[in-house]
Protein chains: 2
Amino acid sequence: MSDKNQKNQYSNPPTMHDVAHVAGVSQMTVSRVMRGTGYVSNDVLKRVQDAARSIGYVHNRLAGGMSKYDNPLIGVVVPSLQNRVFTEVLSGISDTLNNNNLRPVFGVSEYSLEREEEIVFDLLSWRPRGLILAGLEHTDGLRRIIEQTGVKTAEIMDVDGSAIAASFGISQKAAGEQMAKHLLNKGYKKFAYIAWLDERAKKRFDAFKAYIENHGGVISQTRISQKLLSMKEGRELTADILSGSDKPEVIYYANDDLAAGGLMHCIAEGLKVPDDIALAGFNGLSFLEALPVQITTTKTPRYDIGVEAANWISDKNSEQWNNHIHQFDIELIEGGTT
Amino acid sequence: MSDKNQKNQYSNPPTMHDVAHVAGVSQMTVSRVMRGTGYVSNDVLKRVQDAARSIGYVHNRLAGGMSKYDNPLIGVVVPSLQNRVFTEVLSGISDTLNNNNLRPVFGVSEYSLEREEEIVFDLLSWRPRGLILAGLEHTDGLRRIIEQTGVKTAEIMDVDGSAIAASFGISQKAAGEQMAKHLLNKGYKKFAYIAWLDERAKKRFDAFKAYIENHGGVISQTRISQKLLSMKEGRELTADILSGSDKPEVIYYANDDLAAGGLMHCIAEGLKVPDDIALAGFNGLSFLEALPVQITTTKTPRYDIGVEAANWISDKNSEQWNNHIHQFDIELIEGGTT
DNA sequence: AAAATATATGTTTGCGTAAACATATGTCAA
DNA sequence: TTGACATATGTTTACGCAAACATATATTTT
């Protein structure tokens, strides 16, 4: 007699039929209770809930919604979990989906479009109600399968390009131009740039560079790495740039971590920011406020982008919003000593 | 003639039968191709793949694995996505699950055990193969449902306590003691502590405090906040502590962000670290390396914890490892100027 | 008091797949 | 030449649930 795993006489794991039997109702009534739809009397409601609890029944969502792309699941693919920007967007997405009783299923593309396509293909096997992708650049195969399956898809971070259905983000182009304009107005003419190969950073810099060069400025040095950079590399590359004889007046960084690293170099070397050298970052991460010197940066509404995208995906009546572009405002934060 | 027999015009969305018809094979053969199991000739393999692509078929995992808790899905619940520690663990989990062809389904508990239970209940409705939870503290209801369903569960971050099946993390107690010992050896006697109400930080501090007080030291001030703290609050609370007359020799922080905030205060005020005031953090986040002064901290293998937990969950033959505790080594990093 | 409506529950059926089993052909050693 | 085994494919069936529809009982309206 191996009743070791046997919780009771019912099937293991228990099904709605088992619950129905215990509660003395039909399986369909149990289904109604579990989903909270249709008419159920208070008496039956309680009996079913008690029965379910007593035999350890857990609702099985795989069985019912087998055919349609309409499960309370949202596929989410981001390039990386190591980058604060994406985890903040994710946080907004996660919170919002929670409020709408949806679960995110995640994938990380590692900044590879091919990987992204693979992951999306895999995620679609769960017939999710929607999909959230980063950026507007995707493989043809990915676009095709999205069109064929008709999954509702939101693209986040970037709005400079054409969306599959809806995009939520900022104009990278506008951000680059705005920063260029601001720094030129401050009287700076000679710039350096530190970044890594990122699609959105590139869009930003292209706009930045064009504006600078069209208005009498010059970008005298650039350091563009193939691999992901963080604060530490920001410090090193800044040291590298400032060690030469051709010193810039400003260094523009692809993100705040790099810029903060640059600031650390300046502090360690006793350089005054922005008098000896001005620094500009991107994102407006909150930790900047804790630094001894406020770095100039562009504040982006990362959490809100996640919230809005998730809300759009959750909204059953938003199909008509197709080809919708939700461009978020950015704010240039001026540097200075705090 | 019922139109059921006339599946010549393919259903929308397409099914394995549709693919089978196009490829001229049986549905079962398509199933074998999709899952890459059993025997399939190269000729058929290619025909099926082409057929699937041509009609835009996407594998449907909801249909087959309807009954068992054995879907290629892992439920993951973390307290927060705003805390770098968890996103790094998540990163390890995500990478490893990817390698094992498993997908994470996420939930965020917001440091609430009740919320955690709700989320787990919801995640189980997808019949995941496994579950990864943070910490060893859970509600009774959660423990019960895990036992009843028999889902393989890994608990991460902490090993000071008893695990449901397996735990992967560090000994918070040992970390607190190690730091206490180190600082006492350095000759410090008077300590302050800055933290927020976190289960694991509390375990650490309890051990830290006990050791300090049993060895002639004193904790003269503490600042314990109810809400999440970051670098900025670290700076403010440090200013607060140092503004009084009863100045400590060392401040121990619950994490590196707080400690870095403290360092920023010292830099802004021209205080020498560690001569005027010593600072100790926890985690060993990589950004510390970029700071002008290396803060003393405890380095924890966050990514690796995620990797190992995910590996254990992925391993079909790891059931026998029940009641397995995987305690990771920690490393005390001494501060100093870099 | 009959009809209309709201509320509450049950019955039948099919969703798309994979397990279990059945069948067929090819290959190789004795 | 036999049969043992590897390879390749097909058939039947059950999985657990929810949609569609049917029925039954209360409650309200006319």
Engineer: What is the separation between atom NE2 on B:H17 and atom C1' on C:dC15, rounded to the nearest whole Å?
Structural biologist: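 Taking atom C1' of C:dC15 as the reference, NE2 of B:H17 is at 12 Å.
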Engineer: How close or far is atom C1' of C:dG16 from atom CZ of B:R61, stated in whole angstroms?
Structural biologist: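 So the two atoms are 14 Å apart, to the nearest Å.
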Engineer: Give a yes/no on whether any side-chain N or O of B:Y39 is located under 4.0 angstrom from OP1 or OP2 of D:dT7.
Structural biologist: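 Checking D:dT7 against B:Y39, a side-chain N or O does come within under 4.0 Å of OP1 or OP2.
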Engineer: Contact between A:V76 and A:V105 at the side-chain level, heavy atoms closer than 4.5 Å - yes or no?
Structural biologist: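 Sidechains of A:V105 and A:V76: no contact.
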Engineer: Could you identify which residues of residues 25-33 of chain B place a heavy atom less than 4.0 Å from some atom of DNA chain D, listed by residue number, or say none?
Structural biologist: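 Under 4.0 Å from DNA chain D: B:V25, B:S26, B:M28, B:T29, B:R32.
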Engineer: For a quick test of reading the model: is some side-chain N or O of A:R35 closer than 4.0 Å to OP1 or OP2 of D:dA19?
Structural biologist: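 Result: yes.
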Engineer: What heavy-atom pair brings A:M157 and A:I305 nearest, and what distance separates the two atoms?
Structural biologist: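 For A:M157 and A:I305, the tightest heavy-atom pair comes out as N-CG2, 4.2 Å.
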Engineer: Check whether any side-chain heavy atom of A:V120 lies under 4.5 Å from a side-chain heavy atom of A:V77, and answer yes or no.
Structural biologist: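 Yes; the side chains approach each other to less than 4.5 Å.
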Engineer: In terms of the nearest nucleotide of DNA chain C, which residue is placed more toward the 5' end: A:N42 or B:V58?
Structural biologist: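 It is A:N42, whose closest nucleotide lies nearer the 5' terminus.
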Engineer: Give the rounded distance in Å between these two atoms: NE2 of A:H59 and P of D:dC15.
Structural biologist: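 From A:H59 NE2 to D:dC15 P: 18 Å.
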Engineer: Out of the candidates A:E116, A:E114, A:E117, only one should pair with A:T139 under the side chain to side chain donor-acceptor pair (under 3.5 Å) rule; please name it.
Structural biologist: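 Looking at A:E116, A:E114, A:E117, the match for A:T139 under the side chain to side chain donor-acceptor pair (under 3.5 Å) is A:E117.
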Engineer: Write down the distance between CG (A:L62) and P (D:dG16), rounded to a whole number of angstrom.
Structural biologist: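 Interatomic distance, CG of A:L62 to P of D:dG16: 11 Å.
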Engineer: How close or far is atom C1' of D:dG16 from atom CZ of B:R127, stated in whole angstroms?
Structural biologist: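 Whole-Å distance recorded here is 9 Å.
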Engineer: Rounding to a whole Å, what distance do you find between A:H21:NE2 and C:dG10:P?
Structural biologist: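 My rounded result for the distance is 13 Å.
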Engineer: Judged by modelled atom types alone, do A:S112 and A:S109 share a side-chain donor-acceptor pair under 3.5 Å?
Structural biologist: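 A:S112 vs A:S109: no donor-acceptor pair found between side chains.
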Engineer: Does the side chain of A:W312 reach to within under 4.5 Å of the side chain of A:H326, using non-hydrogen atoms?
Structural biologist: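 No, every pair of side-chain atoms sits at 4.5 Å or beyond.
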Engineer: What integer distance in Å separates A:N71:CG from D:dG16:P?
Structural biologist: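 A:N71 atom CG is separated from D:dG16 atom P by 18 Å.
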Engineer: Under a 3.5 Å distance rule, please check whether B:T96 uses its side chain to pair with a backbone N or O of B:G92 as donor and acceptor.
Structural biologist: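 Checking the backbone N and O of B:G92 against the side chain of B:T96, a donor-acceptor pair under 3.5 Å is found.
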Engineer: What is the distance from CG of B:D43 to C1' of C:dT25, rounded to the nearest Å?
Structural biologist: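 Spelled out: CG on B:D43 to C1' on C:dT25 is 15 Å.
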